[in-house]
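From a predicted model like this one, the values you see are computed outputs, not experimental measurements. Atom set for the values below is all heavy atoms of this structure, side chains included, hydrogens, waters and symmetry mates excluded. First listed ligand is number 1; within each ligand, the first listed atom is number 1.
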Amino acid sequence: MKYINENPLSLYIHWPYCETKCPYCDFNSHVNEHVEINHWIKSFNNQLHTMRKEFIDKNIKFKNLNAIFFGGGTPSLMPLEIVEDIINISNQIFGFEKNIEITLEANPSSYDREKFIELKKLGINRLSIGVQSLNNQYLKFLGRLHNISDIDNALKDALEIFDNISVDLIYAFHGQKLVNWTNELVSFLTNYNLQHLSLYQLTIEEGTKFFKDYKNGLVKVIDNDLAAEFYDISNNIISDFKFMRYEVSNYAKKGFQCIHNLNYWNSENWIGIGPGAYGRIWAPNKISRIEYSNYKNPKTWLSKNFYHTEFEKITRFNNYESDIDTLTMGLRLYDGMHISKLENKSIINFNALKILQNHNIVSFRNNTLKVNKNHMIKLNSIIKFLINT
Ligand SMILES: C[S@@+](CC[C@H](N)C(=O)[O-])C[C@H]1O[C@@H](n2cnc3c(N)ncnc32)[C@H](O)[C@@H]1O
Ligand code: SF4
């Protein structure tokens, strides 16, 4: 059997609180309220133990953790005691691979230098900083609490303390001038020696303030051709700075790809703890996959004791669904995916594949299927065309 549970395992921890709710954000994030530290520690701790018990009961073999990701929300607001406890307990019960990557997301408006130093001592070895825009006007538009000078302070401190820094940016706003954006990006990459970048075009997500504003004509989006131009030009600039695009929106210097996110895109196993976090595990000796989703509401999640598994939802993917997901995630990667990962290769429409190959849109060599780099922006329609329904 291919692919089961001898594969990498990582851990995602969701911290659901933020200082404010950004108008574009549909993540499970809530404005900060009082945090009862011991209650949170107990819940995280119990959930970790219960997950391990669940693995053993279900006869799921697992490897040591190769990555931990504190995401949010705003994990740089997390009390240090909670971060410390999660790192210690997960090491005790799952074990760490030698070069484990431990990432924490930080916002430029909610950090201090001392906290970065303490986080490093606890084992955090990668920081992902939510810079979001390189321009005060757009930071304001995005509802962010920081400005350019806060970004400068945060990045200078972070670069002194950590060896692996990633930055998130949002771009391609309506009215944004391509020339301004490219100048900002060039000067940003010249000034800060980053190891990783995640670059997202603004999307309007249902349920957000921007969604209402969009419906009312108060927020506009740019057209597809201009969006494609923004994407191509940004890719060229970033590659001039020796970053490799390894996924649709992610770029890394050599050796700095995000191990945790690679587990997602390679359809490996991961555990999710905390409100709204989800995990996906391949079932033992089967090809099916299970997704566990935690209660989204922080109070509901906290009210569970996790002496046994208590999830909001458990989804069992059948072979077909698992294959579609493996293909959809795998083709996001610049190196593409080996089709031996698919249980049933006939989900691929080989006539469609021929057409895409003839147009140089995808390549298929040594059983590795890959979307050619100039066509990545059309990934969703390519996948739709490629799948046998
Ligand atoms: C979990 S979020 C946030 C992490 C952190 N709290 C922050 O705001 O910096 C991960 C990233 O997704 C991106 N993102 C969130 N909503 C988006 C949207 N509607 N359009 C484009 N990018 C978005 C942002 O770059 C964000 O940093
Ligand atoms: S700080 Fe990050 S997670 Fe929180 S609301 Fe803003 S984008 Fe969402």
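Taking each heavy atom of G71 and Y12 in turn, the nearest pair found is C-OH, 3.3 Å. Taking each heavy atom of I102 and F96 in turn, the nearest pair found is CD1-CE1, 4.1 Å.
Closest to atom 1 (S) of ligand 2, if we only count protein heavy atoms, is N107 ND2, 3.3 Å.
Using cut-offs of 30° and 60° for the angle between ring planes, the H30 and Y17 rings count as perpendicular.
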Margin query: With ring-ring contact (aromatic ring centres under 6.0 Å, His included) as the criterion, how do W270 and Y264 come out once you've worked through the C-alpha distance, each side chain's angles and the decisive distance to 0.1 Å?
Written below: CA-CA 8 Å; W270 69 90; Y264 290 167; 4.4 Å; yes

Next item on the list: Would you sort out whether W301 and F44 count as a ring-ring contact (aromatic ring centres under 6.0 Å, His included), showing the intermediate values?
Entry: CA-CA 10 Å; W301 181 81; F44 279 128; 5.1 Å; yes

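Within a 6.0 Å radius of NZ in K21, other residues, nucleotides and ligands contribute more than 12 heavy atoms. Within 6.0 Å of the CG atom in N224, the count of heavy atoms belonging to other residues, nucleotides or ligands does not exceed 12. Atom NZ of K378 sits in a crowded spot, with more than 12 heavy atoms from other residues, nucleotides or ligands closer than 6.0 Å.
Between atom 2 (Fe) of ligand 2 and the options E19, Q132, E105, R144, the minimum heavy-atom separation is to R144.
The residues lining ligand 1, counting any heavy atom closer than 4.0 Å, are Y24, F27, G72, G73, T74, E105, N107, G130, Q132, R144, D168, I170, Y200, Q201, L202, T203, E205.
Remark: ligand 2 atoms within the under-4.0 Å shell around heavy atoms of T20 are 5 (S).
Counting only protein N, O or S atoms, the number found under 2.8 Å from atom 8 (Fe) of ligand 2 is 1.
Side-chain contact, T103 with E105: no donor N or O sits under 3.5 Å from an acceptor N or O.
For F210 and F141, the distance between ring centers is under 6.0 angstrom. Taking the six-membered ring for Trp and the full ring otherwise, the centers of Y246 and H196 sit less than 6.0 Å from each other.
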